Amino acid sequence: MAMVGLFWITEGDVYVGAKPTGHGPGVRLTPEGVVGLGDGQSQLCPWEDVSGLTVVDIPEKTLMRQVGVVGDAALNVVGELVLPVFGPRAGDAPPRLTVEVATPQGTRSLSAYVAAAAGYPQSEVDLSLSLLSHLTEGAATMETTLAAMAEWGRSREGGTPRRAEREALLQEWLG
């Protein structure tokens, strides 16, 4: 599994945001269409109906967010050691982003958890949004691009690549 821009790619599956677990929200990109996963949003939007695809509510990677993530992690460790009997604390769920799917019937909003705890670098956000737009340009473009992303995921070992490689992959998938 690896994160590349706004995408979570694992064993040939491509998600926008984090791969969902259980009944958590998620958005999967398949050759058939955009699939909303999780409670309350289980649906398929076939590619032939998708005229636009974008993401909003994307947390930007900033120094303050990175410091906050480290501070939260330290507080969580202390909380687990000192107060383990109280169970999960409010706000333990990761933040969400919104995938907007434009169709002839209107725009559908799907929710997914953010995969990057410290936020996403702006350069990767811009490339990812361009790639999402690219996927709506036609069946051949979508199939070729998704196949390249899935194949990369199947052959990838070792987790998320460094930023320069992620940006190069996004540019490669854009064509």
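Since we're looking at a predicted model, the values are computed, not measured.
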Side-chain heavy atoms of Val16 within contact of Phe7, under 4.5 Å = yes
key: Distance-only side-chain donor-acceptor flag, Arg163 / Ser123, under 3.5 Å   = yes
message = With a 3.5 Å distance limit and no angle check, can you tell me whether Thr136 reaches the backbone of Ser133 through a side-chain donor-acceptor pair?
response = yes
message = Looking only at the side chains, is there a donor atom on one of Gln41 and Arg108 sitting less than 3.5 Å from an acceptor on the other?
response = no
request  = Please lay out, stage by stage, how Leu37 and Arg28 fare under the test side chain to side chain contact (heavy atoms under 4.5 Å, CB included).
outcome  = CA-CA 7 Å; Leu37 304 167; Arg28 184 174 171 207; 4.0 Å; yes
query = Can you name the nearest heavy-atom pair linking Ser111 to Pro25, along with the distance?
reply = O-CB, 3.3 Å
task = Please examine the side chains of Leu132 and Thr54, heavy atoms only from C-beta on, and report whether any two atoms are closer than 4.5 Å.
result = no
note = Between the CD atom in Glu11 and the NZ atom in Lys19, the distance rounded to the nearest 0.5 Å is 6.0 Å
request  = Kindly determine whether Leu131 and Thr145 satisfy side chain to side chain contact (heavy atoms under 4.5 Å, CB included), including the steps that lead there.
outcome  = CA-CA 9 Å; Leu131 185 55; Thr145 303; 3.6 Å; yes
remark   = When every non-hydrogen atom of Gly17 is compared with those of Leu97, the smallest separation belongs to CA-CD2, 4.4 Å
query = Does the side chain of Tyr15 come within less than 4.5 Å of Ile9's, by heavy atoms?
reply = no
query = So how far is it from Arg156 CZ to Met149 CE, rounded to the nearest 0.5 Å?
reply = 14.0 Å
ask   = Mind checking whether Tyr113 and Val55 sit in one hydrophobic cluster, side chains of I, L, V, M, F, W, Y counted as touching below 4.5 Å?
value = no
task = Please report the closest heavy-atom contact between Gly12 and Ala150, naming both atoms and the distance.
result = O-CB, 3.1 Å
ask   = What is the distance from atom CG of Leu53 to atom CG of Leu29, rounded to the nearest 0.5 Å?
value = 6.5 Å
ask   = Does Arg96 pair with Asp57 as a salt bridge, N-O distance under 4.0 Å?
value = no
query = Hey, are the side chains of Trp47 and Asp49 touching, using non-hydrogen atoms and a 4.5 Å cut-off?
reply = no
query = Between Thr107 and Glu100, does any side-chain donor sit less than 3.5 Å from a side-chain acceptor?
reply = no
task = Would you indicate whether the side-chain heavy atoms of Val35 and Val27 approach each other to under 4.5 Å?
result = no
task = Could you tell me which non-hydrogen atom of Met142 sits nearest to which non-hydrogen atom of Pro31, and how far apart they are?
result = CE-O, 3.6 Å
ask   = Ion pair present between Arg162 and Glu124, side-chain N to carboxylate O less than 4.0 angstrom?
value = no
query = Does the side chain of Cys45 come within less than 4.5 Å of Val50's, by heavy atoms?
reply = yes
inquiry  = Rounded at 0.5 Å granularity, tell me how far NE2 in His134 sits from CG in Leu170.
reply    = 12.0 Å
remark   = Heavy-atom nearest pair, Gly26 first then Ala112, reads CA-CB, 4.0 Å
message = I'd like to check Gln122 versus Glu60 (side-chain heavy atoms, cut-off strictly below 4.5 Å). Are they in contact?
response = yes
key: Shortest non-hydrogen contact between Gly5 and Ser128, atoms and distance   = CA-OG, 3.4 Å
message = Within this structure, what is the CD-OG distance for the pair Glu137 and Ser51, rounded to the nearest 0.5 Å?
response = 13.0 Å
message = Within the structure provided, determine whether Pro161 and Trp152 are in side-chain contact (heavy-atom separation under 4.5 Å).
response = yes
message = For Val114 and Tyr120: C-alpha separation, side-chain torsions, deciding distance, then whether side chain to side chain contact (heavy atoms under 4.5 Å, CB included) applies.
response = CA-CA 9 Å; Val114 170; Tyr120 298 92; 3.6 Å; yes
request  = First locate atom OG1 of Thr30, then atom CG of Leu146, and finally report the distance between them rounded to the nearest 0.5 Å.
outcome  = 7.5 Å
request  = Could you go through the side chain to side chain contact (heavy atoms under 4.5 Å, CB included) check for Thr160 and Val4 one step at a time?
outcome  = CA-CA 7 Å; Thr160 299; Val4 179; over 6 Å; no
ask   = If two hydrophobic side chains count as joined below 4.5 Å and joins carry through other members, does Leu6 share a cluster with Leu127?
value = yes
